[in-house]
Amino acid sequence: MAPKSKISRTRNIGIVAHIDAGKTTVTERVLFYTGKSYKMGEVHDGEAVMDWMPQEQERGITITSAVTTCAWNNHDIHIIDTPGHVDFTIEVERSLRVLDGAIVVFCAVGCVQPQSETVWHQADKYGVPKVAFINKMDRVGADYSGAVEMMRERFTSIPVAIQIPAGSEDSFQGAIDLINWKMLVWDDATQGSEFSIREIPEEFADQAKLKREKMIEILADVDDELADKYLDGEEITVAEIKKALRKATISLKIVPVLCGAALRNKGIQPLLDAVIDYLPSPEDIPPVKGINPVTKKEEVRHSSDKEPLAALAFKIMMDEGRKLSYLRIYSGKLHANDEIYNSIKKKKEKIARLLRMHANKRERIEMASAGDIVAVLGLKTTTTGDTLCAEDHPIMLEVMDFYEPVISQAIEAKTPADQEKLASALDKLIEEDPTLRVKYEEETAQTIISGMGELHLEIIVDRLLREFNCHVNVGRPRVVYRETIQKKVEMEGIFEKELGEKKHFGHVRISLTPRKRGVGNEIIINVGDSVIPAEYYDVIEEGVKEAMMNGVLNGYPVMDVGVMVIGGTFREGESSAQGYKIAAATAFREGCKIADPVMLEPLMMVDIITPSEFMGDVIGDINARRGEIQSVNPKGTVSEIKAKVPLKAMFGYSTDLRSSTQGRAVFSMIFSEYNKA
């Protein structure tokens with residue numbers, strides 16, 4: 001066999017899961033067994049390598065996705081450990097955008113929890129192949145087959161158990177490898193670094209036989225070569241099973257499932273083997289597509305050093321006051337001191353330093369190539385989602401979607417000295433976090449920050465104090481409302497005024513139409529060049545967009561409105577860009593006033609898991625909060641309740657839920673839609 005190229009020996013993977021399923025613990029074990037760290041950090045001691053921010057160590061959760069590189073079996077694995085908390089979904093989204101594969105960690109007790117569904121669907125959206133690891137097999141209530149069954153119900157890819165646990169809860173001994181037909185038992189004395197491979201004991205043999213048969217059957221369904229041998233009753237070799245598994249995993253048909261107990265150091269090495277055996281290298285994924293900004297045609301870049309440079313900046317971080325940009329290189333090479341081109345901002349950038357990251361430690365490198373994930377210093381104008389490429393071969397890769405914030409809070413500086421720091425600190429935080437919005441309100445002289453949830457804003461305020469030494473007073477969290485219209489109207493706007501010796505004139509006629517909830521705004525200019533010259537179309541659109549920022553009822557942004565410019569007039573020598581812009585904005589505002597405007601409030605999809613005896617109380621409480629129950633699923637001793645509830649009614653809910661269920665229920669919520677308030 002020819003030696004494999006560097007790129008085929010690279011894996012870019014993320015570890016994703018619901019909060020508390022054990023992602024960071026799994027990552028810490030991976031770093032320990034691959035020789036990256038000398039002791040295992042524990043999340044509950046605040047010592048995990050990947051949770052290096054003080055806010056993460058105090059709360060025992062992951063907030064920012066950390067990148068690290070380790071080696072296993074002569075392969076380089078780049079790992080991103082992502083947050084599980086729904087307020088930081090954007091961190092998961094942008095990591096999945098640049099990864100080739102993912103390990104999805106499930107808790108054997110909680111099985112498929114709400115946030116693990118969200119991250120699974122995010123991975124599907126970007127076509128990311130997955131390997132599932134069912135963790136916490138040693139916990140009371142661990143149910144491996146229940147978890148696999150639940151994955152089968154909830155997801156489109158078929159879960160295939162390639163291991164089954166030998167025992168569970170207190171009697172969890174190790175894993176039975178169905179492919180190689182062996183049992184793996186980990187040695188506690190070496191912290192799980194060593195494990196023995198044994199014959200499968202009698203007590204597990206029958207169950208293992210059934211499950212192996214099932215595994216081959218599923219593979220035969222998705223792989224024609226294997227199907228022929230299976231139907232002819234021929235013996236199927238280990239190599240054939242692995243080949244079929246790899247092919248079906250990369251084409252998103254199946255997901256291999258493994259098991260273990262990361263905190264007890266069990267099950268990690270086979271998981272690393274599965275990453276190498278079944279998840280794709282950068283060569284195995286389809287070439288990345290983009291638009292050439294000059295020709296406006298679609299182009300592709302294959303994962304190769306020989307192709308022109310194409311890289312995506314997927315994360316910006318402030319590190320000791322300097323801007324660190326994380327890049328995924330899709331094609332080409334990158335050297336320290338290279339001049340590159342940002343095709344989104346249309347600016348040249350220079351790379352001062354090229355770094356390989358290990359959480360928040362770094363190592364200087366001189367060159368990086370296709371398939372690498374690196375950090376660079378020196379990029380001035382680049383923000384999250386920008387494409388960096390060779391200027392003579394420009395390309396714009398698909399931009400990333402960001403979520404709209406649903407909750408806001410007023411903050412004000414405590415002293416004039418803090419006031420000076422506040423603006424620049426917030427600018428830096430916005431660069432890092434595309435889901436954070438900042439707006440200054442003239443009337444109240446307050447700064448309003450908006451984000452994805454209460455925890456998100458709490459962390460922002462905490463970082464203002466710690467990283468930027470900026471003290472602020474904080475108002476109560478408030479809901480971000482929207483406005484829209486309910487009937488179709490036509491309206492004209494005329495602007496005629498003399499401003500500093502020059503006459504300004506603009507006249508447009510527009511029609512406003514309510515659109516379906518959630519589809520967004522649309523502006524169409526449907527007049528000929530003879531009515532209004534084409535050079536004014538952009539300013540008319542700009543005028544309407546600016547007017548959409550502040551609605552007529554309470555000044556909230558307007559959404560789901562279709563605007564069509566259907567007429568107007570032009571006066572030679574008097575018509576001006578400013579005239580048309582003001583006329584368009586006036587027409588939009590006046591039109592909204594008579595189009596039956598209405599306030600919209602954000603509704604949240606709330607997912608509650610509660611012991612069944614408290615179900616009645618929980619449902620009663622949701623109804624009292626104007627919530628609408630979507631479904632109730634009993635799962636043994638607990639029940640899962642899904643409901644849509646106005647965000648306004650959800651402030652302080654965690655405290656109320658704890659007190660009404662003796663602290664035993666948990667919930668998560670995610671933005672669902674806007675609806676009439």
Side-chain angles (χ1 to χ4, degrees), residues 6-7 10 12 14 65 67 69 78 80 90-91 93-100 126 282 285-319 322-357 362-402 428 430-434:
K6 172 184 175 285
I7 193 161
T10 302
N12 290 316
S65 43
V67 182
T69 305
H78 301 281
I80 300 188
I90 185 64
E91 285 288 333
E93 181 96 8
R94 57 176 163 194
S95 303
L96 286 171
R97 170 73 175 78
V98 298
L99 291 169
D100 306 329
Y126 292 115
I285 55 165
V288 62
K289 293 185 176 124
I291 302 289
N292 181 323
V294 184
T295 63
K296 302 281 184 262
K297 292 207 172 88
E298 187 174 88
E299 290 186 7
V300 295
R301 293 279 187 274
H302 292 85
S303 208
S304 151
D305 299 355
K306 312 265 185 301
E307 296 235 341
L309 174 74
L312 184 80
F314 66 96
K315 182 177 163 76
I316 306 292
M317 246 178 72
M318 290 299 154
D319 192 58
R322 297 178 70 186
K323 182 168 150 183
L324 200 60
S325 313
Y326 282 87
L327 309 183
R328 160 72 200 261
I329 304 173
Y330 285 102
S331 62
K333 287 184 175 170
L334 200 53
H335 300 83
N337 300 319
D338 272 359
E339 243 192 26
I340 51 176
Y341 181 65
N342 181 331
S343 58
I344 307 286
K345 301 280 192 300
K346 298 187 173 43
K347 296 242 171 80
K348 286 183 183 171
E349 290 271 33
K350 190 168 164 101
I351 289 181
R353 276 187 192 176
L354 207 49
L355 308 163
R356 174 160 290 140
M357 298 302 289
R362 49 175 82 169
E363 159 196 352
R364 278 182 77 165
I365 51 175
E366 288 309 309
M367 188 205 85
S369 55
D372 284 345
I373 292 178
V374 290
V376 298
L377 282 169
L379 303 184
K380 294 195 166 56
T381 57
T382 299
T383 53
T384 302
D386 285 0
T387 303
L388 297 161
C389 55
E391 197 175 0
D392 50 354
H393 290 93
I395 190 167
M396 295 191 313
L397 302 175
E398 186 193 356
V399 282
M400 297 158 78
D401 295 336
F402 298 128
K428 286 180 176 160
I430 290 173
E431 259 198 89
E432 267 189 43
D433 182 350

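Every value quoted in this text rests on a predicted model; they were computed, and no experiment measured them.
Atom CD of E298 is surrounded by more than 12 heavy atoms from other residues, nucleotides or ligands within 6.0 Å. Within 6.0 Å of NZ in K333 there are 12 or fewer heavy atoms belonging to other residues, nucleotides or ligands.
A donor-acceptor pair is defined here as one N or O able to donate and one able to accept, closer than 3.5 Å; no such pair exists between the side chain of E431 and the backbone of T383. Remark: the backbone N or O of P308 is paired with a side-chain donor or acceptor of S331 at under 3.5 angstrom.
Closest approach of I351 and I340 over heavy atoms only: CD1-CD1, 3.7 Å. Shown here for A370 and S303, the closest heavy-atom pair between the two residues is CB-C, 4.1 Å. Here the shortest heavy-atom pairing between I329 and A311 reads CA-CB, 4.0 Å. Listed here is the closest heavy atom pair of K323 and L377: O-CD2, 3.4 Å. When all heavy atoms are compared, the tightest approach of K289 to V300 is CG-CG1, 3.9 Å. Across V294 and N292, no two heavy atoms sit closer than the pair N-OD1, 2.8 Å.
Just one residue in the list D386, T381, T387 forms a side chain to side chain donor-acceptor pair (under 3.5 Å) with K345, and that residue is D386.
Considering only residues two or more places apart in sequence or on other chains, R301 meets the salt bridge (charged side-chain N to carboxylate O under 4.0 Å, His left out) condition with E299. Residues meeting the side chain to side chain contact (heavy atoms under 4.5 Å, CB included) test with S304, sequence neighbours left out: K306, E307.
Using a 4.5 Å cut-off on side-chain heavy atoms (C-beta onward), K346 and P394 make no contact.
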